[in-house]
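The structure appears right after this line, and notes come after that.
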Amino acid sequence: MSESRFIKKVYQLLLTQHGHQSWWPANSKFEVMVGAILTQNTAWTNVEKAIHNLISAGMLDAHSIAKAKQEKVATLIKPSGYFNVKTKRLQKFCEWFVIRGGHKRLRYWSTKKLREELLEVYGVGYETADDILLYAFLRPIFVIDAYTRRIFSRLGYIEGNVPYDVVRLDFESKLSTNAKLYAEYHALIVQHGKHVCKPKPNCDACSLNSICKFN
DNA sequence: ACCCAGGGTCATA
DNA sequence: TATGACCATGGG
């Protein structure tokens, strides 16, 4: 089958196995952005604790985080790990977010310009930028993460060291340009990566066996 | 005790 | 361009 059909088939199989995911788990656009930074190489359960601390302190907004003392933010986000570097990343991001007028203004920017500026913010790399673009700004950008690489490497679809944007553009070229589709697809990939396609794979419980090139 | 988690930056070659 | 060190908590 064509690569386009293959990518779409994987989506259908994952949706059948795991069901609708309704991502990103957050109560606001800004909470999505904070979560995207705090979850870098970190378990989501730890991020939830950090976000809860920010909410309890009444600090889950860009102004509060940007002008707070470094020590204050670091204490609150400690459970999410790397708290010193992540404090700097969060504050740099919030400074940029405030200067640009917040979501109210940024929502009118082109996806291209928004992505370029996000990537210039300290601590925001490709995946974090794309999480924000897709789940906070609803832009049709396909997120590539470690789970995506692991799952599609094991299926025999991609090699290990292909650059981020090469993989992203490949997926985008083989699906309709649809933010809702990308959002659901990435959520399904994470769900599958967490519970089935783990470092030690659980291939008996994998619905993708029928299309795996190594079977 | 060890491995892993919804990455990114920086120095080095 | 491409490696490697570094960042740090918490669950299994």
Side-chain angles (χ1 to χ4, degrees), chain A residues 10-11 14 18 20-27 29-54 56 70-97 115-137 139 141-154 158-168 171 179 182-202 205:
Chain A
V10 170
Y11 175 80
L14 290 178
H18 301 291
H20 181 56
Q21 299 297 306
S22 61
W23 254 34
W24 183 292
N27 293 315
K29 310 275 188 193
F30 185 69
E31 189 177 328
V32 171
M33 304 182 210
V34 171
I37 291 171
L38 294 184
T39 199
Q40 291 168 356
N41 201 42
T42 299
W44 183 252
T45 50
N46 287 7
V47 178
E48 289 181 315
K49 295 170 185 170
I51 290 179
H52 178 264
N53 287 344
L54 289 169
S56 296
Q70 187 269 340
E71 296 81 8
K72 175 67 176 177
V73 178
T75 300
L76 294 171
I77 70 168
K78 188 175 254 181
S80 67
Y82 304 131
F83 52 84
N84 286 315
V85 287
K86 282 180 179 173
T87 292
K88 182 177 176 184
R89 291 174 188 184
L90 256 190
Q91 292 193 296
K92 289 294 184 183
F93 172 79
C94 288
E95 286 173 20
W96 170 82
F97 191 70
R115 190 169 195 261
E116 285 173 355
E117 281 220 4
L118 280 168
L119 289 174
E120 287 177 12
V121 176
Y122 176 84
V124 177
Y126 292 113
E127 189 184 333
T128 305
D130 291 348
D131 278 336
I132 292 171
L133 287 166
L134 179 58
Y135 292 104
F137 289 93
R139 305 304 173 92
I141 296 288
F142 198 95
V143 177
I144 306 300
D145 67 344
Y147 289 135
T148 312
R149 290 180 183 276
R150 184 197 295 165
I151 291 169
F152 284 89
S153 293
R154 291 203 178 138
I158 55 178
E159 306 291 325
N161 280 353
V162 183
Y164 184 96
D165 268 347
V166 174
V167 180
R168 178 178 68 84
F171 274 80
Y182 295 174
E184 182 66 37
Y185 204 154
H186 178 64
L188 287 166
I189 285 170
V190 173
Q191 184 70 8
H192 195 70
K194 277 183 177 176
H195 300 289
V196 181
C197 195
K198 301 190 277 195
K200 295 191 175 185
N202 208 352

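Excluded from the calculations below are hydrogen atoms, water molecules and symmetry mates; all remaining heavy atoms, backbone and side chain alike, are included. Bear in mind the structure is a predicted one, so any value in this text is a computation, not a measurement. Chain letters run A, B, ... following the sequence lines, proteins first, then strands; residues in each count from 1.
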Heavy atoms under 4.0 Å, any strand shown: does A:Asn84 hit a base, just sugar-phosphate, or nothing? sugar-phosphate
Once you round it to whole Å, what is the distance between P of C:dT1 and OH of A:Tyr164? 18 Å
With both distances under 3.5 angstrom, what nucleotide forms a Watson-Crick or G-U wobble pair with B:dA11? C:dT3
When the ring planes of A:Phe171 and A:Tyr185 are compared, do they come out parallel, tilted or perpendicular, using 30° and 60° as the limits? perpendicular
Figure out the OH/C1' separation between A:Tyr82 and B:dG8, and round it to whole Å. 10 Å
Between P on B:dC10 and CD on A:Gln40, what's the gap in Å once rounded to a whole number? 13 Å
Please check the phosphate of B:dC4 (OP1 and OP2 only) for any side-chain N or O of A:Arg150 closer than 4.0 Å. no
To the nearest Å, give me how far apart NZ (A:Lys200) and P (B:dC2) are. 15 Å
Expressed in angstrom and rounded to an integer, what is the separation of A:Ile37 atom CD1 from C:dT9 atom P? 19 Å
Could you work out which one of B:dT9, B:dA5, B:dG7 sits closest to the side chain of A:Pro199? B:dA5
Using whole Å, what does the distance between atom C1' of nucleotide C:dT9 and atom CG of A:Leu38 come to? 12 Å
Nearest nucleotide by nearest heavy atom, which residue falls closer to the 5' end of DNA chain C, A:Thr45 or A:Asn41? A:Asn41
Sub-3.5 Å donor-acceptor pair from the side chain of A:Glu127 to the main-chain atoms of A:Val143, do we have one? no
Using atom OH of A:Tyr122 as one end and atom C1' of B:dT9 as the other, report the distance to the nearest whole Å. 6 Å
Look at all strands and tell whether A:Lys49 reaches a base, only sugar-phosphate, or nothing, counting heavy atoms closer than 4.0 Å. sugar-phosphate
Counting side-chain heavy atoms from CB outward, which of B:dG8, C:dT3, C:dA8 is closest to A:Asn161? C:dT3
Using a heavy-atom cut-off of under 4.0 Å over every strand shown, decide if A:Thr128 touches base, sugar-phosphate, or nothing. sugar-phosphate
Might you point out which heavy atoms bring A:Arg168 and A:Phe142 nearest each other, and give the distance in Å? CG-O, 3.2 Å
I'd like the P distance from C:dA5 over to B:dC3, given in whole Å. 16 Å
Base, sugar-phosphate, or nothing for A:Val124, non-hydrogen atoms under 4.0 angstrom? sugar-phosphate
Closest approach to the side chain of A:Ala43, judged atom by atom: which nucleotide of B:dA5, B:dT9, C:dT9 is it? B:dA5
Answer yes or no: is there a side-chain heavy-atom contact under 4.5 Å between A:Ile77 and A:Val73? yes
Report which part of the nucleic acid A:Lys78 touches: base, sugar-phosphate, or nothing (heavy-atom distance under 4.0 Å, all strands). sugar-phosphate
A:Asn46 CG - C:dG12 P separation (whole Å): 11 Å
Parallel, tilted or perpendicular for A:Phe93 and A:Phe97, by the 30°/60° rule? parallel
